[in-house]
Amino acid sequence: MPEKNQIIKAEITGMTSEGSGVCHVEGMAVFVPDTAVGDVLNVRIVKVLKSYAYGIVDSIISPSQDRCERRCSVYKKCGGCVYRHISYEAESAIKADIIENAFKRIGGLDPVFDEFIAAEDTDRYRNKAQYPLAEINGEVVCGFYAPRSHRLVPVSDCPLQPEIFSQINETILRFINKKKIAAYSDETHTGIVRHIYIRRGYYSKEIMVCLVVRKDISRQLAPLAEIVCDTFPDVKSFVMNINPEKTNVILGKKCVTLRGDDVIRDTMCGNTVEISPLSFYQVNTHQAEKLYAKALEYAAPTLNDTVADLYCGIGTIGLSIAHSAGRIIGVEIVPEAVENAVKNARINNISNAEYYCGCAEIISDKIKDTPLAVALLDPPRKGCSEEALNAVCSLSPEKIVMLSCDPATAARDAKRLSQHGYNAERVCGADLFPGTRHVETVVLMSRKDK
Ligand code: SAH
């Protein structure tokens, strides 16, 4: 067994879904961050547990061929990226492997794996950022939290975000510091400004700036709304979000528009969509369009088919297939997102889509009399609850197409569906989050008796 502080020569032979390299020392798996398959290293053991250990790089004896540097001044300090020290080709191969392994090992399934949809843009691809604020040396700064901590790492320009976000941040911070508005502290639950949250339409370039505050300071912020909108003409909406809770959930329930519109617009799969600050919207529009195209290929509805779009958000997936289906029924838990979905159907002259606000777990009550051809599921990271899967299966759709940003929960849920009479037919991964550990998956399940 390796011992703490021991330095051992080892070769990295695999990667975990968290982005750590894996090597084996005396038969024990050792996880080493910031490494690449093929690295031969001196590893310093930092923690030994029952069946595995953690190490850090002491020195590199011979580097992996995958290694290359992808520019970022705070890489390894901020908790965002885990793959900026290897090539994007290596990163996408790792992500495709993680998905295959999850479905085989966690799911015990044997689907066909379609070609992984790698990203075209590996930087500046995000359309949304949420920057926590903190006071450092008497000055309010924004940045991102260090891995697994609440310690702020100041970041002026994150290479995943549009460059204009950092210019907007600077303008906001200058105002906040001049007016001596205090940054919120989650330890003491004092101070005012909690987060800067910015979203930009990928095609429209329309920007929403949202300042998350502990209490209503609209009078104080009114001049800032003017400055930001006048300086950056693409800012079409300036919103104050009030979050009075002692919580690490970023947004509160109440939004006050201080200038411009309550929503911004973008185009997704050819449809114009309105997006409220509280609604979910995929952070990588271009890649999401490719993922949704794959979901549509898997769903392959006919013009007579009813399609349920569960966890529908602002309706993007269902609306993208409305012209190929008979009827779309969307279900979503956030009321503002449902409002957006209803309006988005109307703006695009889609009359065969209807939306319900509620949890996916009660879908069967809403549509129990409608024979369902396809159920689309796009749950949050934690996946679907057993109740939601039972509700869906009780409607016995011919196909279930499930999208997920966590291959492990996707594989778990696909396994549960396979126990309810569905076959995992095909799986496809898509990279919506280059640089980071995250990856999207879409899986096609078909009823075994069909
Ligand atoms: N399909 C949409 C949204 C996917 S994100 C898109 O691609 O844009 C997941 C969505 O599920 C979020 O909008 C979230 O608000 C919603 N949600 C979370 N739990 C839910 C539940 N139990 N029932 C219904 N919707 C839920």
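Atoms within each ligand, like the ligands themselves, are counted from 1 in listed order. All of these numbers come straight from a predicted model, not from anything done at the bench.
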A.B. asks: Is there a side-chain contact between L389 and V392 in this structure, where contact means two heavy atoms from C-beta onward sitting under 4.5 Å apart?
C.D. replies: no
A.B. asks: Who's touching ligand 1 if we go heavy atoms under 4.0 Å?
C.D. replies: F280, Y292, Y311, C312, G313, T316, I317, E332, I333, V334, G358, C359, A360, E361, D378, P380
A.B. asks: Contact between E297 and R426 at the side-chain level, heavy atoms closer than 4.5 Å - yes or no?
C.D. replies: no
A.B. asks: State which residue, out of R437, R84, R70, fulfils the side chain to side chain donor-acceptor pair (under 3.5 Å) condition with E91.
C.D. replies: R70
A.B. asks: Against V213, only a single residue in V256, I181, N241, V193 fulfils side-chain contact (heavy atoms from CB on, under 4.5 Å); can you say which?
C.D. replies: V193
A.B. asks: Between the side chain of N340 and the main-chain N/O of V273, is any donor-acceptor distance below 3.5 Å?
C.D. replies: no
A.B. asks: Just checking, K205 and Y202: is the charged tip under 6.0 Å from the six-membered ring centre and within 45° of the axis?
C.D. replies: yes
